[in-house]
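Here is how names work: the chains are called A, B, and so on, in the same order as the sequence lines, proteins then strands, and each is numbered from 1.
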Amino acid sequence: MTDDLTRARTLLRVGGAITLLALLGAAGVYWLALNFTPTEASQGLAQKIFYIHVPAAWGALVSFTLCGLASAAYLFLHEPRIDRFAASSAEVGLAFAAVMLTTGPIWGKPIWGTWWDWDPRLTLTLLLFFIFLGYGALRSALHDPGERARFSAVIGIMALVLVPFIHLSVYLFRTIHPKPVVLRPEGPALPIEMLRTLLVSVGVFTLLYVGLVTMRYALGIARDHAEANAGGPDA
Amino acid sequence: MGEFFRVALAVAAKDLRLELRTRATILSAVIFAALVLVVFNFSRDPTAVAAIDLAPGVLWVTVAFASVVALNRAFTVEREHAALDGLRLAPASRGALFVGKALANLAFVLLIEAVTVPLAVLFFELPVATAGWGLPLILFLSSIGFVAVGTLLSAMAVKTRFGELMLPVLLLPFLVPPLIASAGATSRLLAGRPLSEVVGWLRFLTVYDLVFVTLGLLLFGAVIDE
Amino acid sequence: MGEFFRVALAVAAKDLRLELRTRATILSAVIFAALVLVVFNFSRDPTAVAAIDLAPGVLWVTVAFASVVALNRAFTVEREHAALDGLRLAPASRGALFVGKALANLAFVLLIEAVTVPLAVLFFELPVATAGWGLPLILFLSSIGFVAVGTLLSAMAVKTRFGELMLPVLLLPFLVPPLIASAGATSRLLAGRPLSEVVGWLRFLTVYDLVFVTLGLLLFGAVIDE
Amino acid sequence: MPSPEAPLLEVRGLVRRYGRTTVLGGIDLSLGAGEALLILGPNGAGKSTLLRTLAGLARPDGGSVRLAGAPVAESRRRVGYLAHDSLLYDELTVEENLRFAARLQGPVDDGAIARALATGELTPQRDRLVRHLSRGQVQRTALVRALLHGPDLLLLDEPYTGLDSASAASLTAFLQGCIARGRTVILVGHHVDEGWEVVTRVAALARGKWILETPRPASPLETTTRYREALRG
Amino acid sequence: MPSPEAPLLEVRGLVRRYGRTTVLGGIDLSLGAGEALLILGPNGAGKSTLLRTLAGLARPDGGSVRLAGAPVAESRRRVGYLAHDSLLYDELTVEENLRFAARLQGPVDDGAIARALATGELTPQRDRLVRHLSRGQVQRTALVRALLHGPDLLLLDEPYTGLDSASAASLTAFLQGCIARGRTVILVGHHVDEGWEVVTRVAALARGKWILETPRPASPLETTTRYREALRG
Ligand code: HEM
Ligand SMILES: Nc1ncnc2c1ncn2[C@@H]1O[C@H](COP(=O)(O)OP(=O)(O)OP(=O)(O)O)[C@@H](O)[C@H]1O
Ligand SMILES: Nc1ncnc2c1ncn2[C@@H]1O[C@H](COP(=O)(O)OP(=O)(O)OP(=O)(O)O)[C@@H](O)[C@H]1O
Ligand SMILES: [Mg+2]
Ligand SMILES: [Mg+2]
């Protein structure tokens, strides 16, 4: 039991270190973006937010996707560690989505002249955000660990199914949100330097993801440990 | 396969019979729907908004929330005296149990719609004639999706303290996509456009239904069994 | 009198503990309110309907839904394990029990409103400044009447015999007036009219509250006791 | 039926119907302080209906129930009723349930709650949700809930259900204490030996009428045989 | 524990936890056709949890449960489980409840339902809502529901609860019939004498472990004394 705690502590340190590294990287990306990347003609400096917004958006969708896949795995293996990972990934995804949902409007104000628009793509993204808020609410409302794991796994899978709906929504509905310029059948359609900076930034966000998930996972271990020691058998 | 449907029908028939006895679900749902329509009718400033513009949205929101009210009850009947354990003991596939519960819920939702739509037509003087068969079709397609997701989620919500609130929290995000499609299609139809123009929406609804009914079949076991 | 309130508070506290113990409930309330707004925005055709025109309706649907949910819940918790008999065995006045149940329901409805209104203001860029204290006042007044009637009705509904269940339908008309009043008042206030213009509505709501709280106090015993 | 002391409970020609079926067809009963009546009877005889009516939960369709000369509704505090259902809230803990039940009766003092938990041997489970209790633990909680406020008239419907031998013994001891303190107990059961030490009188109900009514016979065995005869005859 | 016949039920090192608490700490059990095991144990010992797990309602956290060599989930039809809760719908009549339970198991034939009602002595109540039944009538309905489909393994959690002497006797007779037909019965109870004629083996559970496991002693009395010793030692 106590070696659980030591493992948790080491994981927490490792995660912390990676996260720190990632944050430094983020700073690096902006140094790169501001000094070594051409400024987009029509949008000017506003477009620089691109290098957070897009990786954050992708990061969010990826986190949620991984949560969904882990959820599916859990239902087959009933392995508590997988559940813990899914929960961690979901929470980190929420953080990324929050970044996306703030950078988006900040970008939108100068470009679209409005903070928000009830555009399907935007709204469905918002909904995904809500689904995972609900995911969290459900988890905190359930006390039996098995039940908590199974139920949140089901939500995770259902949300995973909704992600493609979101990605496709941009094609299905009229929307003011830019069509994919990178992830599109014909391949990327933007200057190579922008692409380079974007890819660096994506790398940074991946690092951030790993760091945060590791930390959150460690906390998960600690929590379960606390629970397991809370009360002995009776009668 | 015959067994699958025997069980599914048994479960659905049981729920319908219970509902006939108590009327609890339908009544609260219908009352709610009526209230909502009344509110909209009176809170609308006729000079500002034409009823026809408001109608599709209102209709769909009403149906959605009334369905949530109904779905909230779906598994409380299984909670008393641990009746759900009775279902879980059955040698039947979990998919069959899911279909059974879902069929009953579908019946409730359709019934709610059967009450709501005429009311809406009354309040908003909708030109339903122009919409023709499109409207029922949309209603039917979207109801399937509603119910598939709702049945799955209400089975979980009922296990939480105050699940009556947890259900809408989990369910509403999943209801929005079909809601967009239905509301969009409805307003076009009411504007007198031909059915052919909303085929895209209908296809969207059908895909959604297929996806989530399948998910329900696959995941229901994970919800009710340990 | 001190006893009256001790019992009432005990009952209310019990219900609130049953519902609001988990942080999840508060969080859910917020998510729920936000979702209602999202759902509405989606069902609306932005070219035809300005958000502001939807606002009153949205507010009231949220309130109505919250009430229906709370009231559905209110007496199902009393039915399991015949907990209601536990209340009936109490040497307390039935009025105290009524007030207790009603208070809990009111608390929940007010919670939902407390999170809905600010969000609605954000979403619809409502001119709350002009509305000022009028809006909360209206919400509060109408919620009281709503909950008073609702508590009485749901107490009837717990005795699940059909005849008794028809009563809510017969009583539905009683729920409509306060809704109309408050919806009307709200839209006026949001249209920037002065509070003085809706005093009539407010007076109506107050009278309604008094009448139905009194009725509840008097009739509750008849409803829960044989 | 006559009673040694001034009757605390006085029932006259009590009739109770459910729609067409008459469940209690004119029951007379009078019990004084310090008396304990064991009521036997086949399933569906009307035992629980009788207790519900005595507890003031069901209105008599005929006859009268008077507690110390007053209608039950006016002296609810003097009655403690254990039903088939636990009357507990699944989603509250044992302690929360007891605390709530106590509040309904009057101002609560924590010492009383703690003592009640102790007498029910529920102290280890005090913070557990009732939903998570075993059946016997639920039954003990329901018992404690019913007796928390120290009633003068105890109406116990099959109180020994689900109790293990230890808890059964301590329940019996507790009831003996009540009798000693001049309380009155009505006990419904199917086993003559459960609570035998407490019982001062035995009655049997069938088809809503007394078929047997006697001071406690010499032995459980004798009681059983007399009950059997009464059922046959 | 050894068994005279090829084991129908084989339990190995069964562990069951409820989050914090370990309720079953490694249970071994093997029962053959025609055997009837009586499980005793204090409240909260884990008896019901054990039965729930055997019935396939609760997933073991460790160890295995095999029915005729297969996991329970694959042979649900062979199990009949009577829980503390009735698993019945209050708002359905007795017959509707049984009919529904039967449909879940397989095609329904009316004769079978009628016979089931008769064995449960429920024919007079067939059209009454379960909500309106007396406790003993509910218990009989629950029993009939559990045994309707003629299972090979009967898991009965305190089946005698609330039954009057007559019904208790006919239940015992019914169980004897099952044993004679080579069925296997597990009986949980607090009274050694209830179902004594049926029992072939006795075991006692405490704190999630066997504290006693023996072929049926000579008499109920002897059983009780040995159980008491086991509890103390
Ligand atoms: C207002 C809130 C906004 C939200 C919720 C949002 C959401 C998203 C999401 C979910 C993605 C990932 C799409 C995918 O890969 O499937 C994305 C990517 C992107 N967003 Fe936004 N966005 C917002 C505002 C904006 C604005 C104002 C702009 C610029 C005018 C913008 C430009 C982009 C671009 C260029 C991409 C990359 C597209 C690709 O190559 O896949 N976004 N956004
Ligand atoms: N609400 C009701 N509506 C109709 N009949 C009822 C109702 N409640 C009880 N009965 C019937 O009244 C009779 C007496 O019920 P009661 O519960 O008093 O029996 P009982 O003596 O307690 O039996 P048991 O020993 O099984 O508890 C039973 O036949 C029962 O079916
Ligand atoms: N869902 C649950 N969550 C947490 N603890 C539980 C849960 N169910 C049962 N327990 C605990 O597990 C223990 C065993 O419960 P179980 O019902 O198996 O006991 P039992 O032997 O059947 O007792 P009884 O004779 O009272 O029926 C008890 O202490 C109980 O409080
Ligand atoms: Mg009874
Ligand atoms: Mg048990």
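- Applying a 4.5 Å heavy-atom cutoff, the residues of residues 136-154 of chain B that approach chain A are V149(B), L152(B), L153(B).
- The CG atom of L160(A) sits 8.0 Å away from the OG atom of S71(A) when rounded to the nearest 0.5 Å.
- Heavy-atom proximity under 4.5 angstrom to chain A picks out nothing from residues 87-109 of chain B.
- For the pair V77(B)/R73(B), no side-chain contact is recorded, criterion being any heavy-atom separation below 4.5 Å from C-beta on.
- The part of V169(B) that comes within reach of chain A is its side chain, from C-beta onward, which places non-hydrogen atoms under 4.5 angstrom from that chain.
- Considering CZ of F205(A) and CG of L212(A), their distance stands at 10.0 Å, rounded to 0.5 Å.
- Note on L172(B), L218(B), D225(B): by heavy-atom pairs under 4.5 Å with chain A, the leading option is D225(B).
- Residue L12(A) holds its CG atom at 5.5 Å from CG of L219(A), rounded to the nearest 0.5 Å.
- Within the model, atoms CG of L5(A) and CZ of R7(A) stand 10.0 Å from one another, a figure rounded to the nearest 0.5 Å.
- Looking at L138(A), both its backbone and its side chain come within 4.5 Å of chain B, counting heavy atoms on both sides.
- Rounding to the nearest 0.5 Å places CD1 of I155(A) at 8.0 Å from CD1 of I131(A).
- With no hydrogens or angles considered, a side-chain donor-acceptor pair links W60(B) and T186(B) at under 3.5 Å.
- At least one donor-acceptor pair closer than 3.5 Å links the side chain of T206(B) to the backbone N or O of L202(B).
- Counting heavy atoms from C-beta outward, R79(B) and L84(B) have side chains that stay 4.5 Å or more apart.
- For M166(B), the part sitting under 4.5 Å from any heavy atom of chain A is the side chain, from C-beta outward, and nothing else.
- Atom CE of residue M156(B) and atom CD1 of residue I224(B) lie 12.0 Å apart, to the nearest 0.5 angstrom.
- Using cut-offs of 30° and 60° on the angle between ring planes, the pair F64(A) and F132(A) is parallel.
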